[in-house]
Amino acid sequence: MALELRDAAGGVRLRVRVKPRASKDAIVGEQKGALVVRLAAAPVDGAANEALARFLGLALGVPPSAVRIVKGEAARLKLVAIAGLDAKAARERLGT
């Protein structure tokens with residue numbers, strides 16, 4: 001199954017499966033249409049969500065403030081909106 005990226009108002013949305021407490025931050029692939037991201041941060045007091053915004057911003061070439069968790073702030077599976085990109089540009093920057 002391919003990574004699901006959808007154009008939305010002002011940007012793109014994608015599902016992300018987060019694996020916290022990893023040895024380093026990395027994109028490790030795709031699972032059931034979701035981008036799988038390992039984060040070194042622990043899921044405590046929003047640290048993993050902040051780390052996800054920083055990491056995806058860096059990977060996609062947008063500021064962390066352009067990355068917003070729409071759904072699943074307390075879950076491993078999240079719906080993330082990225083402002084300022086369309087699905088085609090996001091796919092190219094992620095290399096998928």
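For the single chain, residues carry numbers from 1 onward in sequence order.
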Side-chain donor-acceptor contacts of residues 53-79 below 3.5 Å, not counting sequence neighbours, with atom names and distances?
| residue | atom | partner | partner atom | Å |
| --- | --- | --- | --- | --- |
| Lys78 | NZ | Asn49 | OD1 | 2.9 |
| Lys78 | NZ | Gly72 | O | 2.9 |
| Lys78 | NZ | Glu73 | O | 3.1 |
| Lys78 | NZ | Ala75 | O | 2.7 |

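Around CZ of Arg6, the count of heavy atoms belonging to other residues, nucleotides or ligands within 6.0 Å does not exceed 12. Other residues, nucleotides and ligands contribute only 12 or fewer heavy atoms inside 6.0 Å of the CZ atom of Arg38.
Not a single donor-acceptor pair under 3.5 Å links the side chain of Asp7 to the backbone N or O of Val12.
For the atom pair CZ (Arg17) and CG (Leu35), the distance works out to 11.5 Å, reported to the nearest 0.5 Å. Here the CG atom belonging to Leu3 is positioned 12.0 Å from the CD atom belonging to Gln31, to the nearest 0.5 angstrom. Note that CZ of Arg15 is 9.5 Å distant from NZ of Lys32, once rounded to the nearest 0.5 Å. Here CG of Leu39 is found 11.5 Å from CD of Glu50. Values are rounded to the nearest 0.5 Å.
Contact between Ala47 and Ala41 at its shortest, heavy atoms only, is O-CB, 3.8 Å.
Looking at heavy atoms from C-beta onward, Leu14 lies in side-chain contact with Leu5 at the 4.5 angstrom threshold.
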(request) Could you walk me through whether Val37 and Leu52 pass the side-chain contact (heavy atoms from CB on, under 4.5 Å) test, one step at a time? (result) CA-CA 8 Å; Val37 177; Leu52 178 64; 4.2 Å; yes
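In the hydrophobic clustering of this structure, Ile82 groups with Leu94; members are Ile, Leu, Val, Met, Phe, Trp, Tyr whose side-chain heavy atoms approach within less than 4.5 Å, directly or through other members.
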